[in-house]
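Below is one structure, written out as structure tokens, with a few remarks after it.
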Amino acid sequence: MLDKTLSPASFEQRLYEGWEAAGRFGAHPESPAAPFTIMIPPPNVTGSLHIGHALTFTIQDTLIRWRRMQGRDALWQPGTDHAGIATQMVVERLLATQGVDRREIGREKFLEHVWEWKGQSGGSITRQLRRLGASLDWPRERFTMDEGLSEAVREVFVTLHRQGLIYRDRRLVNWDPKFQTAISDLEVESREVKGSLWHLRYPVEGEAGRFIVVATTRPETMLGDTAIAVHPEDERFRDLIGQFAILPLVGRRIPIVADEYSDPEKGSGAVKITPAHDFNDFAVGKRHGLAMPSVLDADGRVFLDEIAGDIAALPGVTEPDFVRALAGKDRFAARKEIIAELERLDLVEKIEPHTHAVPHGDRSGVPIEPRLTMQWYCDAATLAKPAIEAVETGRTEFVPKHFENIFFSWMRDIQPWCISRQLWWGHQIPAWYAPDGSVFVARTEEEALAEARAKLGADVTLTRDPDVLDTWFSSALWPFSTLGWPTKTAELAKYYPGDVLVTGWDIIFFWVARMMMMGLHFMGDVPFRTVYIHGLVRDEKGQKMSKSKGNVIDPLELVDSFGADALRFTIASLATPGRDVKLGRKRVEDFRSFGTKLWNAARFCEMNGIAPDAGFDPAAVRTPLARWILDAANTAIAEANAALEAYRMDDYASACYRFVWNSFCDWFLEFAKPALNGEDGPEKAEVKGAAQHVLGTILKLLHPVMPYLTEELWARLGYGAEGTLMVTAWPQPIAIPGAAEARAELDWVVGLVSAVRGVRAEMNVPPSVTVPLLAQGAAAETLARGARWIEAIRRLGRATGFHPLEGEAPKGVAQVVVGEATILLPLAEVIDLAAERARLAKERDKAAAEGAKVEQKLANADFVARAKPEVVEENRERLAAYQAEVARLEAALARIAE
RNA sequence: GGGCGCUUAGCUCAGCGGUAGAGCGCCUCGCUUACACCGAGGAUGCCGAUGGUUCGAAUCCGUCAGCGCCCACCA
């Protein structure tokens with residue numbers, strides 16, 4: 001016997017362990033079944049499950065369980081990501097609390113600490129995924145830094161290098177002074193900063209007293225200025241083009257050049273050019289062959305080595321001692337001092353308040369410093385071309401479609417991808433340097449050494465590039481590296497390309513685009529056929545969740561409180577493609593009642609001896625009620641399938657919800673009660689048969705989204721003879737003979753009961769008052785239905801009987817129109833006749849108004865001529881129905897006229 | 001500056017060319033032997049504004065407004 005209350009905690013863990021122990025999650029490469037593959041977006045190995053994970057993994061698990069039940073050989077590939085910067089950061093912080101600096105202990109020791117940390121906390125995310133019910137193929141779990149994936153990384157790097165698609169280059173990078181590493185364009189985010197726009201006077205060489213004014217937001221970079229640019233057409237500066245200015249403080253002679261980059265509308269119209277510290281200036285510098293001295297170091301401190309020779313004494317303009325004293329000062333401290341000094345020299349024209357966007361490191365949160373350094377780059381533009389084409393031709397499709405435009409706009413203007421990071425945690429770049437500076441890229445040190453010896457002689461020694469690769473480099477290989485590539489495994493042959501990639505829009509560029517590029521380049525095919533993009537989880541107010549705002553909700557706490565199924569069902573219900581999901585604790589609490597409802601319905605079935613019956617044949621039943629619910633189940637199956645095919649988790653959830661709650665519980669079980677309480681016989685047997693069959697169908701339909709509850713009920717109610725629900729066949733619609741008639745009949749009963757309930761409630765008839773229903777103008781079929789359904793009508797309509805009206809109508813009646821008949825409820829003692837007249841008049845007016853609208857439409861010759869014939873016909877029918885209803889309501893009114 | 005999304009019942013959101021919907025909330029009634037995490041009934045909408053296309057527009061197109069976001073932008 002099922003417990004009176006549903007307590008998910010009592011079975012979730014047990015069920016999961018059972019599934020896992022029995023190997024239910026495993027894919028079967030040797031099976032002839034068609035594969036269905038989802039690659040997990042690997043979470044950070046040391047991370048913990050957050051609500052965003054709950055969203056994405058609920059969707060993935062729902063899809064994978066559904067396809068698995070459909071008989072596909074489902075692979076949901078698990079794994080975790082080493083998450084370079086994030087993990088290194090965490091461990092560095094941890095060590096800092098013990099007073100340890102990574103630079104003191106060195107690379108090797110530090111990496112030991114990271115691996116140790118990974119060992120400690122690495123399992124937590126996968127344990128948490130299990131609690132959510134995620135049916136991942138655990139024995140296949142991979143880690144982006146395990147040996148196989150590392151081999152894939154080396155292979156890809158070496159291959160792309162040989163193909164010229166990976167190269168070293170000295171150019172400006174986004175340098176994160178906090179983490180002391182280069183980062184890619186994507187890891188930079190703009191933040192609005194309130195600053196100042198300083199207008200500085202640079203003396204014009206040879207014209208005493210003449211200045212050219214430049215405007216800047218970054219005065220500290222002036223030490224590295226090597227030119228001033230003006231627009232070639234700007235009259236104000238035309239005579240200065242080709243002349244030189246003197247860089248204040250330093251004394252360097254810098255040319256005034258004409259360049260279209262200079263915008264006469266901005267600032268003073270003349271712009272100082274610091275090629276080593278600004279991306280635009282770098283471009284200008286290249287065009288004009290300017291020197292590019294760096295004046296800030298890796299820490300963002302003033303660095304004078306490259307300009308030492310330029311520092312000159314020029315009274316009133318330069319201050320060599322001041323400049324030398326700046327060495328080693330932080331960029332923002334230097335800014336203040338430089339301004340003060342320039343003011344002292346009267347070289348500041350004016351200062352304007354200025355709000356502008358400043359690039360910040362997305363993880364460090366500090367302003368990025370463009371720096372001229374040697375880094376490794378990947379030629380993304382070349383790799384992007386096939387990826388763009390694959391989406392254009394539909395080989396990979398985005399859901400929703402409009403994300404394709406976002407993908408295109410980025411891919412078509414893609415910049416070289418800086419892939420080297422000055423970190424320790426990650427895949428160390430397989431490149432070795434000889435003392436003469438030549439580079440050897442190879443899979444192993446031996447290979448590199450062999451090459452180097454062949455070229456430079458036997459006694460050459462090599463030093464490995466200390467840098468590691470961008471974390472996303474290994475993630476980009478995930479769809480094939482996890483399957484064993486570069487080895488040609490059976491898995492690779494069967495599960496690549498994957499079917500659908502499920503992820504949030506925030507990592508389309510970071511990850512989706514790069515998997516497309518690498519997949520096409522190395523596998524010759526797209527990594528997945530569909531990219532399903534979901535939104536981000538926000539709090540009830542639509543705010544992004546963050547620890548600092550304190551609005552984070554913990555999915556595991558929700559699982560503890562309401563069960564994993566409640567959380568999953570809530571998420572599915574709210575998951576509209578591409579749209580962000582507003583989720584609060586309350587939403588989950590609300591949806592929890594659905595599981596309870598199902599539990600109680602199952603409990604009711606159990607109490608009534610409704611037990612699984614493998615011999616039941618749905619196509620053979622004759623009882624209209626049985627036919628009706630079996631037919632409704634068919635509709636639910638079709639709706640669920642259509643919704644899942646279209647990645648509409650919300651529609652799938654709501655189709656199940658409506659079917660279970662409204663069709664099965666509210667009507668079917670209520671209608672079934674008289675039969676269930678009655679004598680044994682064919683009708684009772686069929687109703688019970690249909691009930692057990694449909695309940696089984698419900699459990700199957702809901703299993704993908706509510707795996708625990710459905711599996712538990714499956715076993716507890718005895719469906720387990722067919723095996724574990726999670727690998728039971730997905731339900732198929734079964735043709736039900738006479739379904740249309742059954743529908744018509746049940747629709748009538750539902751209509752009658754609803755109408756009677758409605759009028760009783762509106763007339764404030766106490767539930768204790770029961771009356772006969774007198775049918776006036778009822779067709780023979782209606783009277784027959786009334787007779788067949790008398791028990792249900794009595795019970796649900798609180799009626800004593802259903803009879804044709806004979807003779808005169810009683811004086812005090814409430815009346816409702818149901819189909820062609822008017823139903824009279826003799827309630828003289830109970831109701832207020834005036835109120836009933838008013839109610840009927842209102843009903844009549846409503847019907848008349850609706851009718852008038854339809855009539856007007858039909859009076860329009862254009863409508864009749866141009867609208868689809870079936871639409872016209874439908875409207876004619878509606879008009880007739882309204883007219884008939886008005887007539888019946890008129891008659892009802894006449895019957896109780898004063 | 002370029003682009004995208006959203007604006008529908010008090011709230012959260014479906015619907016995207018032919019009768020305005022759901023869940024929650026609200027109001028009324030109800031312990032009818034599965035369920036008060038319940039049952040029955042009810043109220044509530046110029047479907048952001050404005051033009052247009054169409055026999056017909058919440059739905060398609062234009063314009064505008066508000067909100068949110070992405071990309072670019074350190075003068």
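These figures come from a predicted structure and were not determined experimentally. Naming convention: chains lettered A, B, ... in sequence-line order (proteins, then strands); numbering from 1 in each chain. Atoms considered below: every heavy atom in the structure, side chains included; atoms not considered: hydrogens, waters and symmetry mates.
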Dot-bracket notation for RNA chain B, counting Watson-Crick and G-U pairs under 3.5 Å, with | for partners on another strand: ((((((((.[[[[.)..(..]]]].(((((.......))))).....[[[[[..)....]]]]])))))))....

Heavy atoms only, 4.0 Å cut-off, all strands: where does [X] land among base, sugar-phosphate and nothing?
| X | result |
| --- | --- |
| A:Lys4 | sugar-phosphate |
| A:Arg603 | sugar-phosphate |
| A:Arg648 | sugar-phosphate |

Quote, to the nearest angstrom, the [atom1] distance that separates [N] from [M].
| N | M | atom1 | value |
| --- | --- | --- | --- |
| B:rC55 | B:rG15 | P | 28 Å |
| B:rA40 | B:rU32 | C1' | 11 Å |
| B:rU63 | B:rC4 | P | 11 Å |
| B:rG39 | B:rC35 | P | 11 Å |
| B:rU50 | B:rA58 | P | 13 Å |
| B:rC70 | B:rA14 | C1' | 25 Å |

May I have all residue pairs that pass salt bridge (Lys or Arg N to Asp or Glu O under 4.0 Å) and include part of residues 268-277 of chain A, sequence neighbours excluded? A:Asp225-A:Lys272

Salt bridge (Lys or Arg N to Asp or Glu O under 4.0 Å) pairs, two or more places apart, involving residues 752-761 of chain A: none

Suppose we screen for side-chain hydrogen bond (donor to acceptor under 3.5 Å, both in side chains). Which residues come up paired with [X], at least two apart in sequence or across chains?
| X | result |
| --- | --- |
| A:Glu791 | A:Arg794 |
| A:His231 | none |
| A:Asp185 | A:Asn174 |

Expected list for residues 653-661 of chain A: side-chain donor-acceptor pairs under 3.5 angstrom, two or more places apart:
residue: A:Ser654; atom: OG; partner: A:Arg658; partner atom: NH1; Å: 3.2
residue: A:Arg658; atom: NH2; partner: A:Glu639; partner atom: OE1; Å: 3.3

Could you check whether the rings of A:Phe407 and A:Phe398 sit parallel, tilted or perpendicular, using 30° and 60° as the cut-offs? tilted

Please list every donor-acceptor pair under 3.5 Å in which a side-chain atom of residues 580-590 of chain A meets a protein atom from a residue at least two apart or in another chain.
residue: A:Asp580; atom: OD1; partner: A:Trp505; partner atom: NE1; Å: 3.1
residue: A:Asp580; atom: OD1; partner: A:Leu536; partner atom: N; Å: 2.8
residue: A:Asp580; atom: OD2; partner: A:Arg538; partner atom: NE; Å: 2.6
residue: A:Asp580; atom: OD2; partner: A:Arg538; partner atom: NH2; Å: 3.0
residue: A:Arg585; atom: NE; partner: A:Glu557; partner atom: OE1; Å: 3.3
residue: A:Arg585; atom: NH2; partner: A:Glu557; partner atom: OE2; Å: 2.7
residue: A:Arg585; atom: NH2; partner: A:Ser561; partner atom: OG; Å: 2.8
residue: A:Lys586; atom: NZ; partner: A:Asp590; partner atom: OD1; Å: 3.0
residue: A:Lys586; atom: NZ; partner: A:Asp590; partner atom: OD2; Å: 3.2

Write down the atom of A:Trp410, the atom of A:Ala513, and the distance for their closest heavy-atom approach. CZ3-CB, 3.7 Å

Using a strict heavy-atom distance below 4.0 Å, which residues from residues 847-859 of chain A are in contact with RNA chain B? A:Lys857

Within residues 569-590 of chain A or reaching into it, pairs that qualify as ring pair (Phe, Tyr, Trp, His ring centres under 6.0 Å) - sequence neighbours excluded: A:Phe569-A:Phe591, A:Phe569-A:Phe594

Would you tabulate the side-chain donor-acceptor contacts of residues 849-860 of chain A under 3.5 Å, counting partners in other chains and residues two or more places apart, or write 'none'?
residue: A:Asn860; atom: OD1; partner: A:Asp862; partner atom: N; Å: 2.9
residue: A:Asn860; atom: OD1; partner: A:Phe863; partner atom: N; Å: 3.4

Range on RNA chain B touched by chain A - first to last nucleotide, heavy-atom distance under 4.0 Å: B:rC4 to B:rA75

